[in-house]
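Letters A, B, ... mirror the listed sequences (proteins, then strands); counts begin at 1. Any value given below was found using the heavy atoms of this structure, including those in side chains, with hydrogens, waters and symmetry copies removed.
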Protein chains: 2
Amino acid sequence: MTGEDNLLKLVEADETEGEYHLQEQVGFILRKAHQRHVSIFAAHIGDLTPPQFAALAKLHDVGETSQNQLGTLIAMDAATVKGVIDRLKARGLVELSRHEVDKRRLLVSLTVEGRAMVERLIPLAQKITEETLAPLTPKEIGTFLKLLAKMA
Amino acid sequence: MTGEDNLLKLVEADETEGEYHLQEQVGFILRKAHQRHVSIFAAHIGDLTPPQFAALAKLHDVGETSQNQLGTLIAMDAATVKGVIDRLKARGLVELSRHEVDKRRLLVSLTVEGRAMVERLIPLAQKITEETLAPLTPKEIGTFLKLLAKMA
DNA sequence: TTGATATCATTTGCATGCGAATGAATTTTC
DNA sequence: GAAAATTCATTCGCATGCAAATGATATCAA
């Protein structure tokens, strides 16, 4: 093989570099990783979805807040958070009330049952986190979480 | 403060270690990272969703396949892939036909328009990947993708 | 004060995403 | 070769997730 051949190969490689491998795209892998987590979550906590648990956990953390504010805290837009809260309310895990001063705001808070539920589930949630990260070594976990947070 | 006090504090810290910070859980950050990517995708490619693009890109890669097989390749269950393919078909980007031998299978392939669309969008998809990873340094990107893939 | 803006919440429409049930066709097994 | 188990696809029901439009209330500014 001559030098010209090598050069040609390089040029060709560069031209066909447009080759697109879906399985290597962040978006695709991110979607799969998310799917896997949801699946692990469902295996441990069957009667609550991750968004529902997020809402309860956040309410447990900050106490009563407006629906909108809660949405901001758990990264959910207004339309989505409404559906989540509606379903939690239907199950008696949260209760709603109007803000005395600002009548636009809808205050959300945990019911006694809701509080009991979160407190019961938090240990399971920690197991879920562990299992999700199980493919990584402890050192890798630290690196991964740092980079993921930086990217999110 | 005495030594006993310190010891007590440690024990207490251990007991109350149940403190749960939603924003530090993989699942939550993963969901946010995914949201961010979808948003970046939408900003660049407005008239196609990431799953729709994944289907087209995969068909471009492997050629004609069954709907089910395609679902496996792009990590979508049967019910979901059907909806995606239905919408692509309605837009004339893919066409369907029955497998001659195995009459259960529904073969999916790109139309001329579909092929033109994917080829036009692939460069944009690469931009999307870049932008999604933009918060990370080149070295971090390598590490991150490796760990993310290991976890997914 | 009032008129323009902004904020909070709701609703509608569309697109995933998955579990479970069903039906049709194929393969395996005995 | 007939019964049992699999596989492919479809359908239904439920739960996010987001854009856009709407209405009610608050806040800001002229």
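Nearest to the side chain of Gln35(A), among dG17(D), dG19(C), dG17(C), sits dG17(C). Distance from the side chain of Ala78(B) is smallest for dT10(D) among the nucleotides dT10(D), dT10(C), dG17(C). Distance from the side chain of Asp102(B) is smallest to dT26(C) among dG17(C), dT10(D), dT26(C). Side-chain proximity of Ala79(B) to the nucleotides dT16(D), dA19(D), dG19(C) is greatest for dG19(C). The side chain of Thr80(B) sits closest to dG17(C) out of dG17(C), dT10(C), dT16(D). Looking at the side chain of Asp77(B), the nearest of the listed nucleotides dG17(C), dT25(D), dA15(D) is dG17(C). Across dT10(C), dG17(D), dT16(D), the shortest atom-to-atom separation from the side chain of Arg98(A) is found for dT10(C). The side chain of Lys82(B) has dT11(D) as its nearest neighbour among dT11(D), dC18(D), dT16(C).
Judged by distance alone, with hydrogens and angles left aside, the side-chain atoms of His21(B) form no donor-acceptor pair with the main-chain N or O of Gln23(B) at under 3.5 Å. One N or O on the side chain of Thr111(A) and one on the backbone of Leu93(A) form a donor-acceptor pair closer than 3.5 Å.
Relative orientation of the Phe144(A) and Phe144(B) rings is parallel, given thresholds of 30° and 60° on the angle between their planes.
Rounded to an integer number of Å, the gap from Leu106(B) CG to dA24(C) C1' is 13 Å. Rounded to an integer number of Å, the gap from Arg87(A) CZ to dT16(D) C1' is 7 Å. Atom CZ of Arg36(A) and atom C1' of dG17(C) are 18 Å apart (whole Å). Taking atom CD1 of Ile45(A) as the reference point, atom P of dG19(C) lies 16 Å away to the nearest angstrom. As rounded to whole Å, 16 Å separates atom C1' of dC18(C) from atom CG of Leu48(A). If you take CG of Leu70(A) and C1' of dC8(C), they are 14 Å apart, rounded to a whole angstrom. The nearest whole Å value for the distance from the CG atom in Leu96(A) to the C1' atom in dC8(C) is 14 Å. Computed from coordinates, the Ile85(B) CD1 to dT10(D) P distance equals 10 Å when rounded to whole Å.
Summarising the geometry, atom CG belonging to Leu136(A) is positioned 9.5 Å from atom CG belonging to Leu148(B); distances are rounded to the nearest 0.5 Å.
With the nearest nucleotide of DNA chain C identified for both Arg105(A) and Val38(A), Arg105(A) has the one nearer the 5' end. DNA chain D is contacted by both Met76(A) and Val101(A); Met76(A) maps to the nucleotide lying nearer its 5′ end (nearest heavy atom per residue). Map Arg31(A) and Arg104(B) each onto its nearest nucleotide of DNA chain C; the residue landing nearer the 5' end is Arg31(A).
For the pair Gln52(B) and dT16(C), the criterion of a side-chain N or O lying under 4.0 Å from OP1 or OP2 is met. A sub-4.0 Å separation between OP1 or OP2 of dT7(D) and a side-chain N or O of Gln69(B) is absent. OP1 or OP2 of dT16(D) sits under 4.0 Å from a side-chain N or O of Thr49(A).
Taking the side chain as every heavy atom from C-beta outward, Val38(B) and His34(B) approach each other to under 4.5 Å.
Nucleic acid contact class of Ser66(A) (heavy atoms, under 4.0 Å, all strands): sugar-phosphate only.
Annotation: Lys146(A), atom NZ; neighbour count of heavy atoms from other residues, nucleotides and ligands within 6.0 Å does not exceed 12.
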